[in-house]
Chemist: 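The structure is given below, and queries will be raised subsequently.
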Amino acid sequence: MSRIVLGVSGGVAAYKAALLLRALTEAGHDVRVVPTPGALHFVGAATFEALSGNPVTTDVWSDVPEVAHVRIGQEADLVVVAPATADLLARAAAGRADDLLTATLLTAHCPVVFVPAMHTEMWLHPATQDNVATLRRRGSVVLPPAVGRLTGPDSGPGRLPEPADIAALAAVVLADGAAALPQDLTGRRVVISAGGTREPLDPVRYLGNRSSGKQGWALARIAAARGAEVVLVAANVELPAPFGVRVVPVGTAEELRAAVIAESADADVVVMAAAVADFRPASPAPTKLKKGAASEPSAVELVRTPDVLAELVAKRPSGQLVVGFAAETGDAEGDVLAHARAKLARKGCDLLVVNDVSAGQVFGRPDNAVVVLAPDGASTEVSHGSKDAVAAGIWAAVAARLSPRSGH
Ligand code: CTP
């Protein structure tokens with residue numbers, strides 16, 4: 001159990017802080033909510049007290065003998081400020097201490113994550129952007145806001161990411177520190193395939209696989225948190241789109257191929273995390289297959305599907321990194337890593353992320369562990385953790401190999 005301070009500043013998105021609070025307490029953390037006085041115009045202190053089980057104060061004049069403005073910050077393992085308004089970011093950047101939240105920010109030794117939410121004009125204003133740059137330079141994580149519908153009829157960057165996404169990212173920072181989410185992918189285009197393809201047998205049946213898409217979703221969330229523009233080509237995944245991520249839904253291997261090839265032309269990184277079928281029924285029945293009918297099949301003839309990774313590798317523009325995934329099991333011919341090294345050589349991709357799926361370890365599970373292999377022999381172990389923690393480890397390995405951008 002960790003001690004988390006949830007700072008809430010005065011924007012409409014403060015109502016989502018109650019859901020975030022719920023997600024953090026359900027993950028087993030002790031959460032102390034520190035709202036600004038403005039936040040309490042949107043959500044009452046009673047809501048935060050009931051959901052957190054802890055007292056809620058906004059000023060430094062309550063609990064004076066306890067010196068709350070010093071103690072709360074000092075004792076925290078993580079501070080998350082969601083929503084962080086333009087005013088809160090400005091006061092934090094200036095080092096002010098005019099309420100309990102800003103005082104807490106000055107006494108916290110732990111990682112701090114700001115989750116901005118405001119109108120697009122306020123977010124894009126040079127004053128706000130300077131404040132964000134200042135906070136990042138000092139080591140805080142400032143997430144980019146989601147793009148979408150704002151309070152009124154307008155839309156643009158400025159929305160608070162979904163509480164579940166914030167909670168997942170908070171867990172990564174809690175485990176690995178603020179350095180786990182640098183803004184090093186800002187200005188980069190990333191295409192990620194996720195999920196598992198389905199190849200039709202007839203209009204109602206298909207050949208599929210057990211991929212849940214969760215690792216691909218985590219990769220997209222972390223890339224967006226690190227500043228990338230992310231396209232997620234999703235094969236049969238029902239999960240809600242992470243903030244800042246454009247989802248392109250597909251069904252079959254051929255549809256996935258078309259979408260990935262089209263989206264990746266000007267991408268800096270393409271990550272093939274999807275479980276793509278290697279075979280599909282040669283001629284899917286146009287009508288439902290029926291028992292006892294003259295056309296009742298006794299066998300299914302299969303043909304090969306396109307190898308998307310191979311095509312990406314063959315077509316990759318200079319400077320683009322192509323990352324493959326391999327779910328492997330050891331057997332009499334070699335262990336997991338031996339098979340993976342052979343696959344890396346065969347596929348010709350720039351990095352191969354290897355999952356050991358012996359004994360059904362990974363599919364649909366919340367946890368994962370991988371090794372990232374490079375053709376030069378380098379290997380990075382990303383130890384067991386949540387799929388977000390593993391995604392952060394994978395992106396660290398990928399970012400280290402990105403070629404510098406022209407003009408940088
Ligand atoms: N892949 C792909 N197109 C396919 C099959 C797989 O792009 N038709 C990609 C997967 O997304 C993954 C990588 O290739 O990134 C490795 O997938 P895997 O199924 O392990 O490889 P295979 O090519 O099937 O190799 P093998 O059958 O020899 O194990």
Chemist: Considering all heavy atoms of both residues, which atom of Phe243 and which atom of Pro144 are nearest to each other, and what is their separation?
Modeler: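 Heavy atoms only, the tightest pair is CE1-O, 3.6 Å.
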Chemist: Counting only heavy atoms not in Glu301, do more than 12 fall under 6.0 Å of its CD?
Modeler: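 Check fails, neighbour count at 12 or below.
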Chemist: Tell me every residue that passes salt bridge (charged side-chain N to carboxylate O under 4.0 Å, His left out) with Asp350, counting only those two or more places apart in sequence or in another chain.
Modeler: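 For Asp350, the residues satisfying salt bridge (charged side-chain N to carboxylate O under 4.0 Å, His left out) (neighbours in sequence not counted) are Arg316.
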Chemist: With a cut-off of 6.0 Å (strictly less than), are more than 12 heavy atoms of other residues, nucleotides or ligands near CD of Glu49?
Modeler: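 Enclosed: over 12 neighbouring heavy atoms sit under 6.0 Å from CD of Glu49.
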Chemist: Do Pro297 and Leu289 come within less than 4.5 Å of each other through their side chains, counting heavy atoms only?
Modeler: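 The answer is yes, as the side chains (C-beta and beyond) meet within the 4.5 Å cut-off.
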Chemist: Taking Ala277's backbone N and O only, do any of them form a donor-acceptor pair with Thr305's side chain (distance below 3.5 Å, no angle check)?
Modeler: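 Present.
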Chemist: Are any side-chain N or O atoms of Thr58 and backbone N or O atoms of Pro35, one a donor and one an acceptor, separated by less than 3.5 Å?
Modeler: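 It does not hold such a pair.
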Chemist: Thinking salt bridges, do Glu311 and Arg257 make one under a 4.0 Å N-O criterion?
Modeler: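 Yes.
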Chemist: Which heavy atom of Pro281 sits nearest to which heavy atom of Leu201, and what is that distance?
Modeler: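 In terms of heavy atoms, the two residues are closest at CG-CD2, 3.8 Å.
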Chemist: State whether the number of non-hydrogen atoms from other residues, nucleotides or ligands found under 6.0 Å of Tyr206 atom OH is greater than 12.
Modeler: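 No, the 6.0 Å shell around OH holds no more than 12 heavy atoms from other groups.
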Chemist: May I ask you to check whether Arg136 and Gln183 show a side-chain donor-acceptor distance below 3.5 Å?
Modeler: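 Present: a donor and an acceptor within the cut-off.
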Chemist: Is the closest side-chain donor-acceptor distance between Thr134 and Asn131 under 3.5 Å?
Modeler: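 There is no such pair (donor and acceptor under 3.5 Å, judged by atom type) between the side chains of Thr134 and Asn131.
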Chemist: Quick one: does Glu255's side chain have a donor or acceptor within less than 3.5 Å of a partner on Gly251's backbone?
Modeler: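 Indeed, once roles are kept as given, a pair shorter than 3.5 Å links the two residues.
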Chemist: State, with a plain yes or no, whether a side-chain heavy atom of Val190 is found less than 4.5 Å away from one of Val231.
Modeler: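 Counting from C-beta outward, Val190 and Val231 never come under 4.5 Å.
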Chemist: Checking Ile72 against Leu100 for the side-chain contact (heavy atoms from CB on, under 4.5 Å) test, could you report, in this order, the C-alpha distance in whole Å, the side-chain angles of both residues, the deciding distance, and whether it holds?
Modeler: CA-CA 9 Å; Ile72 294 172; Leu100 185 58; 4.1 Å; yes
Chemist: Test salt bridge (charged side-chain N to carboxylate O under 4.0 Å, His left out) on Asp388 and Lys214 and set out the steps.
Modeler: CA-CA 9 Å; Asp388 284 85; Lys214 287 181 183 158; over 6 Å; no
Chemist: Can you check whether Pro83 reaches Val115 side chain to side chain, under 4.5 Å on heavy atoms?
Modeler: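 Side-chain contact under 4.5 Å: no.
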Chemist: Scan residues 327-339 for pairs that pass salt bridge (charged side-chain N to carboxylate O under 4.0 Å, His left out), counting only residues two or more places apart or in two chains.
Modeler: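 Listed once each, the pairs are Glu328-Lys343.
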Chemist: Report the C-alpha distance between Arg280 and Glu254 in whole Å, list the side-chain angles of each, state the deciding distance to 0.1 Å, and finish with yes or no for salt bridge (charged side-chain N to carboxylate O under 4.0 Å, His left out).
Modeler: CA-CA 10 Å; Arg280 64 173 174 80; Glu254 184 49 54; over 6 Å; no
Chemist: Do Lys16 and Pro163 make a side-chain contact, defined as non-hydrogen atoms from C-beta onward lying under 4.5 Å apart?
Modeler: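 They are in contact (side-chain heavy atoms under 4.5 Å apart), so the answer is yes.
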Chemist: Give, for atom CE of Met118 and atom OG1 of Thr85, the distance between the pair rounded to the nearest 0.5 Å.
Modeler: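 It comes to 6.5 Å.
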Chemist: Go through Phe325 and Val271 one step at a time and tell me if the side-chain contact (heavy atoms from CB on, under 4.5 Å) criterion holds.
Modeler: CA-CA 8 Å; Phe325 266 65; Val271 183; 3.6 Å; yes
Chemist: Of all the heavy-atom pairs spanning Leu40 and Ala45, show the shortest one and how long it is.
Modeler: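 Shortest heavy-atom contact: CD2-N, 3.7 Å.
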Chemist: Are Val230 and Leu185 packed together at the side-chain level, in the sense that at least one heavy-atom pair is separated by less than 4.5 angstrom?
Modeler: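 Val230 does not reach Leu185 side chain to side chain.
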Chemist: Quick one: do Asp202 and Lys288 make a salt bridge, cutoff under 4.0 Å?
Modeler: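 The answer is no: the pair does not qualify as a salt bridge.
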Chemist: Quick one: CG on Leu21 to CG on Leu51, what's the gap to the nearest 0.5 Å?
Modeler: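 Going from the CG atom of Leu21 to the CG atom of Leu51 covers 5.0 Å.
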Chemist: Counting only N and O atoms by type, is there a donor-acceptor contact under 3.5 Å from the side chain of Thr102 to the main-chain atoms of Ala92?
Modeler: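 Side chain of Thr102 to backbone of Ala92, a donor-acceptor pair under 3.5 Å: no, none is there.
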Chemist: Can you confirm whether more than 12 heavy atoms, excluding those of Arg22, are under 6.0 Å from its CZ atom?
Modeler: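 Check fails, neighbour count at 12 or below.
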Chemist: Of all heavy-atom pairs between Leu106 and Ala97, which one has the smallest distance, and what is that distance?
Modeler: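 Scanning both residues completely, I find the closest heavy atoms to be CD1-CB, 3.8 Å.
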Chemist: Is there a donor-acceptor contact under 3.5 Å from the side chain of Ser211 to the main chain of Gly195?
Modeler: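 Checked: pair present.
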Chemist: Less than 4.5 Å apart, any side-chain heavy atom of Val371 and any of Thr380?
Modeler: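 With C-beta onward as the side chain, the pair stays apart.
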Chemist: Side chains of Glu199 and Thr197: is there a donor and an acceptor less than 3.5 Å apart?
Modeler: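 Yes, because at least one side-chain N or O of Glu199 sits under 3.5 Å from a partner of the opposite role on Thr197.
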Chemist: So does Arg346 pair up with Asp307, basic N to acidic O under 4.0 Å?
Modeler: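 No salt bridge links Arg346 with Asp307.
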Chemist: For the side chain of Thr47 and the backbone of Val43, is there at least one donor-acceptor N/O pair under 3.5 Å apart?
Modeler: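 No; zero donor-acceptor contacts below 3.5 Å.
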Chemist: So how far is it from Ser379 OG to Leu352 CG, rounded to the nearest 0.5 Å?
Modeler: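 Ser379 atom OG to Leu352 atom CG measures 11.5 Å (nearest 0.5 Å).
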Chemist: Locate the shortest heavy-atom distance separating Ala180 from Arg226; write the atom from each residue and the value.
Modeler: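 What the structure gives for the nearest pair is O-NH1, 3.8 Å.
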Chemist: Would you say the side chain of Leu88 lies within less than 4.5 Å of the side chain of Phe114, judging by non-hydrogen atoms?
Modeler: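 Yes, at least one pair of side-chain atoms sits under 4.5 Å.
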Chemist: Going by heavy atoms in the side chains, are Gln320 and Val322 under 4.5 Å from each other?
Modeler: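 Counting from C-beta outward, Gln320 and Val322 do come under 4.5 Å.
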Chemist: Any chance you could measure Ser193, atom OG, to Met272, atom CE, to the nearest 0.5 Å?
Modeler: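 Answer rounded to 0.5 Å: 3.5 Å.
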Chemist: Tell me whether the count of non-hydrogen atoms from other residues, nucleotides or ligands lying under 6.0 Å of CD in Glu26 goes above 12.
Modeler: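 Enclosed.
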Chemist: Please answer whether the main-chain N or O of Val370 pairs with a side-chain N or O of Asn355 as donor and acceptor at a distance below 3.5 Å.
Modeler: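 Looks like no, no N/O pair under 3.5 Å.
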Chemist: Tell me if a side-chain donor or acceptor on Arg189 pairs with a main-chain N or O of Ser264 at a distance below 3.5 Å.
Modeler: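 Such a contact is absent between Arg189 side chain and Ser264 backbone.
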Chemist: Using modelled atom types and a 3.5 Å cut-off, is there a donor and acceptor pairing between side-chain atoms of Thr128 and backbone atoms of Leu124?
Modeler: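 Side chain of Thr128 to backbone of Leu124: no pair is present.
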Chemist: Report yes or no: does Asn209 contribute a side-chain atom to a donor-acceptor pair with the main-chain N or O of Ala275 at less than 3.5 Å?
Modeler: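 Side chain of Asn209 to backbone of Ala275: a pair is present.
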Chemist: How close do Ala167 and Leu20 get, counting heavy atoms only, and between which atoms?
Modeler: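 Closest pair (atom of Ala167, atom of Leu20, distance): N-CD1, 3.8 Å.
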Chemist: Using the test salt bridge (charged side-chain N to carboxylate O under 4.0 Å, His left out), find all partners of Glu75 that sit at least two apart in sequence or belong to another chain.
Modeler: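 Residues passing salt bridge (charged side-chain N to carboxylate O under 4.0 Å, His left out) with Glu75: Arg3, Arg71.
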